[in-house]
Amino acid sequence: MWCLELLIPLLLIISANCQWNIWLPRDISAMTNSCVVIPCSFMYPSGIRPARGVHGIWYFGQPYPQLFPPVVFKSLTDVVHESYKGRTKLLGDLNQRNCTLLIGNVGTEHSGRYYFRADVGGANKYSYPDYAELKVLQPNIDIPEEIVSDESLELTCYAPDNCPDMTPEIQWMYTDYLPDPEFSADYTEESNTAVISNTLTFTPRPMHNGQLLGCRVYFPNTTLVYERLISLDVKSPRSVWVNVSSEVMEGSSVTLHCEVDSNPSPRVAWLFGDQEVLWDTASNISLSLDDVTPENEGIYTCVGDNGYGIMNTSLYLAVKPPREPVVNDSMTVVQGSSLSLHCNTMGSPAPTLTWLKDGELAGSITAGELSVLEITDITPQQTGQYRCLAENEHGRASASLNITVEAPVFLEESKCTVVREGVQCVCVAVGNPEPTIEFYLPDLNITINETDGRFNFYTHTDGHTSTAMIKLREKGERADNNGPAVNVHCSMYNIYGRESVLLELQQEKYMMAVIVGTIGGVAVIAFIIAAVRYVGQNNKENGNPRQDVVLENPALYYSAVKKDKQNLRKKVLKTELLGSKFNSILEETTLQGEDGDYQPVGSVAGLERQELNYASLEFIGVRPREGASGRGDDGSNYTEIKAK
């Protein structure tokens, strides 16, 4: 390859008196991502004496600088075209008239013509019109025009070897099935460009028709690997043709065709595995399969035998499970709208179709090739992934789409509730994106949001759900003096709109406690009145001396229940007024049983101060005692009641 060094002295002697001239290969090739060396030598008039040395420029595409061709290499500067930066190097010595160029990391964009321009000083500059054309290629396999069965065949794989830093190697692929293959390597060099080759020799058979062969070219100690594949087209007087390998759906029908070119007419048979399923004496035969199942999947071979030889060709029949369903595209819809989701598939037996939303059942399960899921008055809660699942006894397949509901919506949990310390309002909304919530008190003309801290505003976001809460207490937060402010509006909004609702006031827990307490208080008062009247009447009948019965305001604490009418005794302790205050004197009523024991009925310990409950008592025949009524120092009113 490098005989150029021997030729240069000879060229210098022969061309001592020649004019501008250059020598370089007209065609040269390289592998993608490898390198290439373009051998080059040039001549200039012998009368020129370069005073400052010889310089040169390599151009791509055009030899003349006036046309602004891309600069591949320039000896005076490093300024080159962007696609050649760091890729080119001058291997020759221009002062010795050697302009050999190295191009590294070659790509397909570097394919084309390369020109050299010499600069020997002053006006002595010359662009040589001759060029070297670079071809960047993949491995090439030389294939004869016709491959005949039972005749020796030679296939040759070529690769260029024009990179001094890397030497390629050739390897054949998929030759294990060939009968007695032989391999031979060769190296050729022409016009200072080198090519390596490897020849594969074997005798093809009819069964090799359509088989793959490959040539791999690689550079040792690098990651550069190139492959070229071919399919053998074997010509034979005894040939068999069948369908190509195919895939069919379960439950469908398929016909396998076989044609045999033979003389005399052969016996042709279809085999499934090793079992013969159909035969005939003819030039062609067809095997029909109806309602295909996975049991029909496998290798089918057509065999032709004419007494002089046996020919066969195989194919693989694949049976697929239910076809992947076809569903609507993902979509974004407006709240309240309606839509229909369609799911189509194929399979045998007919698959069952199931709609799932986020993994949960979203519709009825249907049997067939079409299922439609109807969604009406859609809400944000129905945002999510919808998947159609097709299943039968041979497998399953599915397809999904996403539904996004735009507008927000209030949840039923939004309300105001009366609590011990005032009113608590909660607002819950769902939307995508999650909505922002604020409250409005029209009676006070106040908008409450996360920037207002007077009402214990609280907000929380979980996914597409937003929750907000405020507490209205007594200080400045009541609409009037009669009760808590219940005129509360909740507003929510996101990029798709705004909605407002008046929150309903719910008082179940608080009002129930008030009602139960009131009824209980009335019942106790009624019981006390009945007991007092009974005791007064009993004392009158028995002629007992009149005793003063003092009731302390605001409530009477004890009552007596008659357990045994004959042994009822009552002890009454009077209340005395000490200074300006009432001191409550315990009134204890006990019941004496037959065995003489006393059982306390009640105690004043632990009673809490309640709101004033009062009743008007009237005793017939009882005269009020003078001075028995008045007002205490603490402002309470009292009356002393005596029973006669």
Side-chain angles (χ1 to χ4, degrees), residues 1-2 4-5 7-8 11-12 15 18-45 48-138 160-166 191-194 224:
M1 176 179 178
W2 307 110
L4 180 60
E5 296 179 0
L7 293 176
I8 289 177
L11 291 173
L12 292 175
S15 305
C18 70
Q19 300 299 313
W20 301 95
N21 201 358
I22 192 171
W23 181 92
L24 69 172
R26 177 55 64 93
D27 297 299
I28 193 168
S29 58
M31 304 291 291
T32 306
N33 298 323
S34 67
C35 68
V36 63
V37 173
I38 302 177
C40 174
S41 64
F42 65 98
M43 305 297 294
Y44 54 86
I48 298 176
R49 297 291 184 267
R52 297 183 180 180
V54 180
H55 299 283
I57 302 176
W58 278 94
Y59 289 122
F60 176 78
Q62 294 288 342
Y64 305 110
Q66 297 87 343
L67 301 177
F68 302 103
V71 176
V72 178
F73 176 83
K74 192 173 185 179
S75 61
L76 287 175
T77 67
D78 294 333
V79 179
V80 297
H81 189 268
E82 184 70 25
S83 62
Y84 291 97
K85 283 186 177 180
R87 297 176 185 263
T88 57
K89 179 181 179 182
L90 191 67
L91 300 182
D93 184 354
L94 295 179
N95 292 316
Q96 297 297 323
R97 305 179 186 183
N98 187 340
C99 50
T100 301
L101 177 69
L102 169 67
I103 305 176
N105 195 18
V106 176
T108 55
E109 69 275 13
H110 299 132
S111 296
R113 297 177 179 181
Y114 289 81
Y115 297 87
F116 180 72
R117 177 178 174 84
D119 181 0
V120 294
N124 298 310
K125 300 177 182 178
Y126 186 77
S127 293
Y128 296 96
D130 293 337
Y131 58 84
E133 184 165 3
L134 173 62
K135 296 179 181 178
V136 181
L137 43 78
Q138 296 291 329
D161 183 19
N162 295 310
C163 182
D165 297 331
M166 298 184 295
S191 300
N192 283 338
T193 62
L224 300 179

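Here CG of N98 is found 8.5 Å from CG of L91. Values are rounded to the nearest 0.5 Å. Atom CD1 of I28 and atom CD of E133 lie 11.5 Å apart (nearest 0.5 Å). In this structure, CD1 on I22 lies 7.5 Å from OG on S41, to the nearest 0.5 angstrom. Taken to the nearest 0.5 Å, the CZ atom of F116 stands 10.5 Å off from the OH atom of Y59. One finds the SG atom of C35 at 10.0 Å from the CG atom of N105 (value rounded to the nearest 0.5 Å). Going from atom CG of L134 over to atom CG of D27 covers 10.0 Å, rounded to the nearest 0.5 Å.
Of all the heavy atoms in P50 and G53, the pair that sits closest is CB-O, 3.8 Å. The heavy-atom pair separating D161 from M166 by the smallest distance is OD1-O, 3.8 Å. Nearest heavy atoms, V54 versus V120: CG1-CG1, 3.9 Å. The two residues P164 and V37 have their closest heavy-atom pair at CD-CG2, 3.2 Å.
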Can I get a per-line list of side-chain donor-acceptor pairs under 3.5 Å for residues 69-80, giving both atom names and the distance, sequence neighbours left out?
from	atom 1	to	atom 2	distance (Å)
S75	OG	H55	ND1	3.4
S75	OG	G56	N	3.0
S75	OG	G56	O	3.3
T77	OG1	V79	N	3.4

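For the pair Y128 (side chain) and M43 (backbone), a donor-acceptor distance under 3.5 Å is present. Counting only distance, with no hydrogens or angles, the side chain of T88 and the backbone of I103 share no donor-acceptor pair below 3.5 Å.
When the side chain to side chain contact (heavy atoms under 4.5 Å, CB included) test is applied to A132, the partners found at least two apart in sequence or on another chain are L24, I38. In this structure, E109 has no salt bridge (charged side-chain N to carboxylate O under 4.0 Å, His left out) partners at least two apart in sequence or on a different chain. P160 is linked by a side chain to side chain contact (heavy atoms under 4.5 Å, CB included) to S29, M31, L137, N162, counting only residues two or more places apart in sequence or in another chain. Applying the side chain to side chain contact (heavy atoms under 4.5 Å, CB included) rule to D93 yields the partners N95, Q96; only residues at least two apart in sequence or on another chain are considered. Applying the side chain to side chain donor-acceptor pair (under 3.5 Å) rule to S127 yields the partners R117; only residues at least two apart in sequence or on another chain are considered.
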Which is it for F60 and H110 under the ring pair (Phe, Tyr, Trp, His ring centres under 6.0 Å) test, yes or no, and what are the steps along the way? CA-CA 9 Å; F60 176 78; H110 299 132; 7.8 Å; no
Might you work through the side-chain contact (heavy atoms from CB on, under 4.5 Å) test for L94 and C99, ending with a clear yes or no? CA-CA 6 Å; L94 295 179; C99 50; 4.1 Å; yes
Working for side-chain contact (heavy atoms from CB on, under 4.5 Å), residues D119 and I57: CA-CA 8 Å; D119 181 0; I57 302 176; over 6 Å; no
Please assess C40 against Y114 for the test side-chain contact (heavy atoms from CB on, under 4.5 Å), listing each intermediate value before the final yes or no. CA-CA 11 Å; C40 174; Y114 289 81; over 6 Å; no
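A tilted orientation is assigned to the rings of Y44 and W20, their planes being inclined by 30° to 60°.
Both the sub-6.0 Å distance and the 45° axial angle are not jointly satisfied by R97 relative to the ring of F42.
Residues Y115 and Y131 bring their aromatic ring centres within 6.0 Å.
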